[in-house]
Amino acid sequence: MSDPTEATGPTEATRVTESTESTESAEEIGTTGAAGAAGTGAGDGGRGRRVRVVLVDDHRMFRTGVQAEIGRTEETGVEVVGEAADVDQAVTVITATRPEVVLLDVHLPGGGGVEVLRRCAGLTGDAEQPVRFLALSVSDAAEDVIGVIRGGARGYVTKTITGTDLVDSIFRVQEGDAVFSPRLAGFVLDAFASTDAPPVDEDLDRLTQREREVLRLIARGYAYKEIARQLYISVKTVESHVSAVLRKLQLSNRHELTRWATARRLV
């Protein structure tokens, strides 16, 4: 069985602009619903409201789960019009479909959610048809939250959110509100209240985004199997990331790693 973290090939993103008669499977990148104007279609789902959404996440299983949870348009009012698994695919699909809201993972191949925001800045600033971004991530780290909000996202919720609350958050972002999971709003308030740039941690900067995710979960006491389930990766991949983190930080074991992370308030 292939590792579910593997991104779908870049050529699939281009399918969003091909014939609507395409018979792509649900796991392929591209549009997954009609790309017409918002509010069209039968029924009165979502209390008469409609919103067109693109899902951006490098975990195919997670995208499928979100689609199943919120994509029942007649019930939720949410129409999922496209999916993407990395930065280039995201920019292609978002540009082609012009959704009202993008659910954006923070950690993506190709530069992360911040890079998607940078390359789509012209769409977020469109006065007539703005594309608004809602970050949806497993990470609740302050630097991740602050980074995407500074990049232009309208909100940030974690993947522990319920389907009902996620639908509500999507509609609030569509209407221009700022939405945050509990506790995360404080990071943003603190960051924008300060005029000082955050200090650079050279040790932390040596780690990749995925290694930072594993580091935080290890420091919180998660077992390897639990981390694998949380991040949709294999136990062997978790072990490889832990070994890389220990080597880069010159630490000997997970207990030292936990102390290191706690001292930097990463837990």
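For R229, the salt bridge (charged side-chain N to carboxylate O under 4.0 Å, His left out) criterion is met by no residue, not counting sequence neighbours. For the salt bridge (charged side-chain N to carboxylate O under 4.0 Å, His left out) test, no residue two or more places apart in sequence or in another chain qualifies with R254. The side-chain contact (heavy atoms from CB on, under 4.5 Å) test applied to R172 returns D168, D177, V179, not counting sequence neighbours. The salt bridge (charged side-chain N to carboxylate O under 4.0 Å, His left out) check on R212 picks up D205, with sequence neighbours excluded. Not a single side-chain hydrogen bond (donor to acceptor under 3.5 Å, both in side chains) links E69 to another residue, sequence neighbours left out. Remark: K248 pairs with E211 by the salt bridge (charged side-chain N to carboxylate O under 4.0 Å, His left out) rule, at least two apart or across chains.
Annotation: the span from E256 atom CD to Q250 atom CD amounts to 11.0 Å, rounded to 0.5 Å. Residue T258 holds its OG1 atom at 8.5 Å from CG of L215, rounded to the nearest 0.5 Å. With values rounded to the nearest 0.5 angstrom, L136 atom CG is found 9.0 Å from L104 atom CG. The CD atom of E226 lies 9.5 Å from the CD1 atom of I218; values are rounded to the nearest 0.5 Å. In this structure, L166 CG and T162 OG1 are separated by 8.0 Å, a value rounded to the nearest 0.5 Å.
Under the 4.5 Å side-chain criterion, counting only non-hydrogen atoms from C-beta, R50 is in contact with T73. The shortest side-chain heavy-atom distance between L246 and L251 falls under the 4.5 Å cut-off. Contact annotation: the side chain of F171 never approaches that of V101 to less than 4.5 Å [non-hydrogen atoms, C-beta and beyond]. With contacts defined as side-chain heavy-atom distances shorter than 4.5 Å, the pair V56/V102 qualifies. I227 is not listed as a side-chain neighbour of H241, based on a closest heavy-atom distance of 4.5 Å or more. Under the 4.5 Å side-chain criterion, counting only non-hydrogen atoms from C-beta, L134 is in contact with S169. The shortest side-chain heavy-atom distance between V157 and D165 does not fall under the 4.5 Å cut-off.
In terms of heavy atoms, E100 sits closest to Q174 at OE2-NE2, 3.1 Å. Of all heavy-atom pairs spanning G82 and V93, the tightest one is CA-CG1, 4.0 Å. Nearest heavy-atom pair, A153 versus L117, reported as atom, atom and distance to 0.1 Å: N-CD2, 3.9 Å. Across T97 and V54, no two heavy atoms sit closer than the pair OG1-CG2, 3.5 Å. Residues S139 and Y156 share a closest heavy-atom pair of O-OH, 2.9 Å. The two residues R63 and D58 have their closest heavy-atom pair at NH1-C, 4.2 Å.
The backbone N or O of R52 sits nowhere less than 3.5 Å from a side-chain atom of E79 that would complete a donor-acceptor pair. Counting only distance, with no hydrogens or angles, the side chain of Q89 and the backbone of A85 share a donor-acceptor pair below 3.5 Å. Listed for the R98 side chain is no donor-acceptor partner under 3.5 Å among the backbone atoms of I94. Checked by atom type and distance alone, the side chain of H59 pairs as donor or acceptor with a backbone atom of L231 at under 3.5 Å. In this structure, T158 contributes its side chain and S137 its backbone to no donor-acceptor pair below 3.5 Å.
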* How far apart are the C-alpha atoms of T160 and D140, what are their side-chain angles, what is the distance that settles it, and do they pass the side-chain contact (heavy atoms from CB on, under 4.5 Å) test? -> CA-CA 10 Å; T160 57; D140 60 0; over 6 Å; no
* Begin from the C-alpha positions of F180 and I149 and carry the test side-chain contact (heavy atoms from CB on, under 4.5 Å) through to its verdict. => CA-CA 10 Å; F180 297 92; I149 297 303; 3.6 Å; yes
* To do: Let me see the working for F133 and V148 under side-chain contact (heavy atoms from CB on, under 4.5 Å), right down to the final yes or no.
  => CA-CA 9 Å; F133 288 79; V148 294; over 6 Å; no
* To do: Take I70 and L103, measure what side-chain contact (heavy atoms from CB on, under 4.5 Å) needs, and give me the verdict at the end.
  => CA-CA 12 Å; I70 72 172; L103 290 180; 4.0 Å; yes
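Salt bridge annotation for E115-R118: present, with a cationic side-chain nitrogen under 4.0 angstrom from a carboxylate oxygen. Taking the charged nitrogens against the carboxylate oxygens, K159 and E213 have no contact shorter than 4.0 Å, which rules out a salt bridge.
Only one option out of L217, V238, V214 pairs with Q230 in a side-chain contact (heavy atoms from CB on, under 4.5 Å); it is L217.
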